[in-house]
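Along the sequence shown, residues carry numbers from 1.
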Amino acid sequence: MKKITLMMFGLIQTFAFSQTQDLTTLAAGDHVGMNALFDDKDNLYGYVSLYSYGKSGDKTKKFEYVILDKNLNPVANKEFEGDITAASYLGYVDFKGQIILKPSMMDYSLVKSKEIFTPVSMVIDPKTNSITRKIYYDYLENGTFKEINEPKSWKEQRKENRDEKKEKGYNYVSAVGELKEGGYFAVEYKDYGKYENSNSLMRFDDNKKEIWRYKYNTDGSKKLYTTLSVLERDENYMYCILKKVNDKQKTFNLMVLDMKTGKETSNKPITGLSDDTIDNIESFYSNYRKLDNDKTFDDKIVLLGRNYDDSESVGFARMILNKSDFSVDMKAINYEPNISAFLPKVDKYGMVESGYMLQAKDMYFMNDGSVGILSEKYKPAGQYNAPKTTDLVYIYTDKDFKVKNVQVFEKEKSKWVNSDYLFSQYLNGGKDVVFFYRDYQKDEVTRQKRWNLFINTIIDGKFKQEIIPISEKDNYAVTPYVGKEGYILLREYNEKEKFNKIRLEKLNY
């Protein structure tokens, strides 16, 4: 093991930081992943790099983490015993400032199929550079908590569920999480297979004593039931969408619960758009991938979903929840006529030329309620054709969710690549945004294709683009990744030569 001296995050340092790092020299194990860490304000905190040393016990595997600050300086590392079914981990920073390593891939190769279990997360305390297994709790039907020390195998879980269903006619389901304000939050319901009922939301103090309980869908059935989706919560309120279904009739309400008492503070109807639009406003899927479709500000919560007409997606819908009076504003823009006024080739359902469609890739939420929507022209694979992508399309909207402009970023056709879009970052405290995409373009002189990185900023509502040629040696791959504000991280990789370096490059915005 290569020892790295622990240095606390936030320590003021006067020497110059390194802007490059060789990932292969940080630890002796096999490198199995690296990802960026963000704090609760979405500011870049640093990076975590993971290394595997292989099987260490009947149910364990040895790993090592290395924490890098946002200037790529290693500040902490430690070996640990993870579950044998974990192939790698993704890190994130929780509300306590702890770094959570959540298993990101399963390893089925070291255990028998009947012994497979879900690996647990690990918790790093940056102050002490200590790591422990994450503690999980079950809330039981008898009203008690049970600490989960060792996860059960999938085979055991399936048998327990079958036995319980046979005995009771339903499966009791619950989940427990910690609250930033202290204590615990839990949900419970009875699952009958084709429907569920006896739902409850519950809050507990630090000693796991119940503070309040909110019951709903008490007598739910296949045709008559109530669901509750939590949009957001803070120290004062929990903001939810309450849906009531009576056969084919649906009604929706914004329900606000007092976090201290569990009582309803507000319960107002949500109307103005189709049932399908409101029903799906809380989530946004594109090409089977869930996009981050909401942002919470001090005074409001903004969500973006699809706008549906007769079950068909015909555009986009924006929902703004005002925290001061719990009012809801619902607005929509459609491909026709709103977007087609700027992009004539798009039809009612988002199809463009030659069988391509507009596939949403990302969305950006600004302080005034305006939303930017980035899509890519995408053609799915056919029986004899590869999937293809071409131009990116950026839709500008204003604070009233009206289309201000549509900008097309022309790029070469890519085959077998689901997207040339890379990632985005908010700038200047969330007021502005930068997004990145790649393109292989032909050199006008040599006629050979070369790799270009496109940096696109929208600052004070004005668009600017920078193009950086990226040179690649034979059999070396260069991958862009998120860096600190004003920089981009580039990873150069060659598995055969054990070459795996990252560096920060200054950007001109």
Checking side-chain contact (heavy atoms from CB on, under 4.5 Å) for the pair N77/L26: CA distance, chi angles, key distance, verdict? CA-CA 9 Å; N77 75 299; L26 294 178; over 6 Å; no

Of the non-hydrogen atoms in D206 and G183, which two are nearest, and what is the gap between them? OD1-N, 2.7 Å

In terms of side-chain geometry, is the basic nitrogen of K168 or E141 positioned less than 4.0 Å from the acidic oxygen of its partner? yes

Closer than 3.5 angstrom, by distance alone: can the side chain of E196 be matched with the main-chain N or O of Y189 as a donor-acceptor pair? no

Expected output: side-chain N217 to main-chain T226 donor-acceptor under 3.5 Å: yes

Quick one: does V120's side chain get under 4.5 Å of D83's, heavy atoms only? yes

Pairwise side-chain contact, T296 with K323, heavy-atom cut-off 4.5 Å (strictly under): yes

With a 4.5 Å cut-off on side-chain heavy atoms, are K61 and S52 touching? yes

Quick check on K102: does its NZ atom have over 12 non-hydrogen neighbours (other residues, nucleotides or ligands) under 6.0 Å away? no

Is any side-chain heavy atom of M238 closer than 4.5 Å to a side-chain heavy atom of R203? no

State the OH-NZ distance between Y356 and K377, to the nearest 0.5 angstrom. 9.5 Å

Does D298 have more than 12 heavy atoms from other residues, nucleotides or ligands lying within 6.0 Å of its CG? no

For the residue pair E164 / Y172, report whether a side-chain donor-acceptor contact shorter than 3.5 Å exists. no

Counting only heavy atoms not in E147, do more than 12 fall under 6.0 Å of its CD? yes

With sequence neighbours excluded, residues passing ring pair (Phe, Tyr, Trp, His ring centres under 6.0 Å) with Y51: H31

Is the number of heavy atoms from other residues, nucleotides or ligands within 6.0 Å of NZ (K159) greater than 12? no

Report, as yes or no, whether the 6.0 Å neighbourhood of atom NZ on K290 holds more than 12 heavy atoms from other residues, nucleotides or ligands. yes

Would you list the pairs meeting ring pair (Phe, Tyr, Trp, His ring centres under 6.0 Å) in which at least one residue belongs to residues 258-298, sequence neighbours left out? none

Mark yes or no for whether D107, through its side chain, and T85, through its backbone, hold a donor-acceptor pair below 3.5 Å. no

Evaluate the side-chain proximity of R491 to Y481: yes if any heavy-atom separation is below 4.5 Å, no if none is. no

Donor on one side chain, acceptor on other, N307 and T277, under 3.5 Å: yes

For residues 224-261, which residue pairs qualify under ring pair (Phe, Tyr, Trp, His ring centres under 6.0 Å), counting only residues two or more places apart or in two chains? Y237-F326

Would one find more than 12 heavy atoms of other residues, nucleotides or ligands at under 6.0 Å from atom CG of D58? no

Between the main-chain N or O of L140 and the side-chain N or O of D138, is there a donor-acceptor pair closer than 3.5 Å? no

Using the salt bridge (Lys or Arg N to Asp or Glu O under 4.0 Å) criterion, which residues pair with K331? Sequence neighbours excluded. D329

Would one find more than 12 heavy atoms of other residues, nucleotides or ligands at under 6.0 Å from atom CG of D247? yes

Throw together a table of side-chain donor-acceptor distances under 3.5 angstrom for residues 173-180, partners on residues two or more places apart or in other chains.
residue	atom	partner	partner atom	Å
S174	OG	Y139	O	2.7
E178	OE1	K96	NZ	2.7

Kindly confirm or rule out a cation-pi arrangement of K295 over Y426, judged by NZ or CZ under 6.0 Å from the six-membered ring centre and within 45° of its axis? yes

Between K260 and E181, does a salt bridge (charged side-chain N to carboxylate O under 4.0 Å, His left out) hold up when you go through it step by step? CA-CA 10 Å; K260 295 179 177 62; E181 299 75 29; over 6 Å; no

Do you see a donor-acceptor pair shorter than 3.5 Å between the side chains of Y421 and D362? yes

Hey, could you give me the CZ/CZ distance between F204 and F145, rounded to the nearest 0.5 Å? 4.0 Å

Report yes or no: does N35 contribute a side-chain atom to a donor-acceptor pair with the main-chain N or O of G91 at less than 3.5 Å? yes

Is any side-chain heavy atom of L321 closer than 4.5 Å to one of L254? yes

Taking atom NZ of K208 as the centre, report whether more than 12 heavy atoms of other residues, nucleotides or ligands fall under 6.0 Å from it. yes

Could you check whether E160 pairs with K152 (Lys NZ or Arg NE/NH1/NH2 to Asp/Glu carboxylate O, under 4.0 Å)? yes

Closest non-hydrogen atom pair, Y192 against K165: O-NZ, 3.6 Å

Got a second to check how far I373's CD1 is from L291's CG, nearest 0.5 Å? 11.0 Å

Show the numbers, then the answer: is there a side-chain contact (heavy atoms from CB on, under 4.5 Å) between L101 and I131? CA-CA 10 Å; L101 299 181; I131 182 167; 4.1 Å; yes

Is there a side-chain contact (heavy atoms from CB on, under 4.5 Å) between L490 and E492? Walk through the geometry before answering. CA-CA 7 Å; L490 297 177; E492 192 171 7; over 6 Å; no

Looking at N171 and N161, would you say the former's side chain and the latter's main chain have a donor-acceptor pair under 3.5 Å? yes

Does any N or O in the side chain of E156 come within less than 3.5 Å of the main-chain N or O of S153, such that one atom is a donor and the other an acceptor? yes

Which atom pair, heavy atoms only, marks the closest approach of V352 to M357? CG2-N, 4.1 Å

Pairs where residues 116-138 contributes a residue and the test ring pair (Phe, Tyr, Trp, His ring centres under 6.0 Å) is met, not counting sequence neighbours: Y137-Y184

Classify the angle between the aromatic ring planes of Y335 and F316 as parallel (below 30°), tilted (30 to 60°) or perpendicular (above 60°). perpendicular

Please check this pair: side chain of N197 against backbone of G220, looking for a donor-acceptor N/O pair closer than 3.5 Å. yes

Do R306 and N280 come within less than 4.5 Å of each other through their side chains, counting heavy atoms only? no

Between the CE atom in M122 and the CD1 atom in I124, the distance rounded to the nearest 0.5 Å is 8.5 Å

Separation of K250 NZ from K244 NZ (nearest 0.5 Å): 16.0 Å

Determine the minimum heavy-atom distance between S121 and I100, stating which atoms define it. CB-CG2, 4.0 Å

Checking N334 against K348 for the side-chain contact (heavy atoms from CB on, under 4.5 Å) test, could you report, in this order, the C-alpha distance in whole Å, the side-chain angles of both residues, the deciding distance, and whether it holds? CA-CA 7 Å; N334 290 333; K348 179 179 179 181; over 6 Å; no

Hey, what do you get for CD1 (I278) to CD1 (I270), rounding to the nearest 0.5 Å? 6.5 Å

Quick check: does any side chain N or O of D276 sit under 3.5 Å from a backbone N or O of D309, one acting as donor and the other as acceptor? no

Nearest non-hydrogen partners of I281 and A317, listed with the distance: CD1-O, 3.8 Å

Tell me, do T24 and F499 make a side-chain contact under 4.5 Å, heavy atoms counted? no

Please say whether the positively charged group of K190, taken as NZ for Lys or CZ for Arg, lies over the ring of Y170, i.e. under 6.0 angstrom from the six-membered ring centre and within 45 degrees of the axis. yes

Would you confirm whether N293, through its side chain, and L304, through its main-chain N or O, come within 3.5 Å as a donor-acceptor pair? yes

Between P119 and A86 the two heavy atoms that sit nearest each other are CB-CB, 3.9 Å

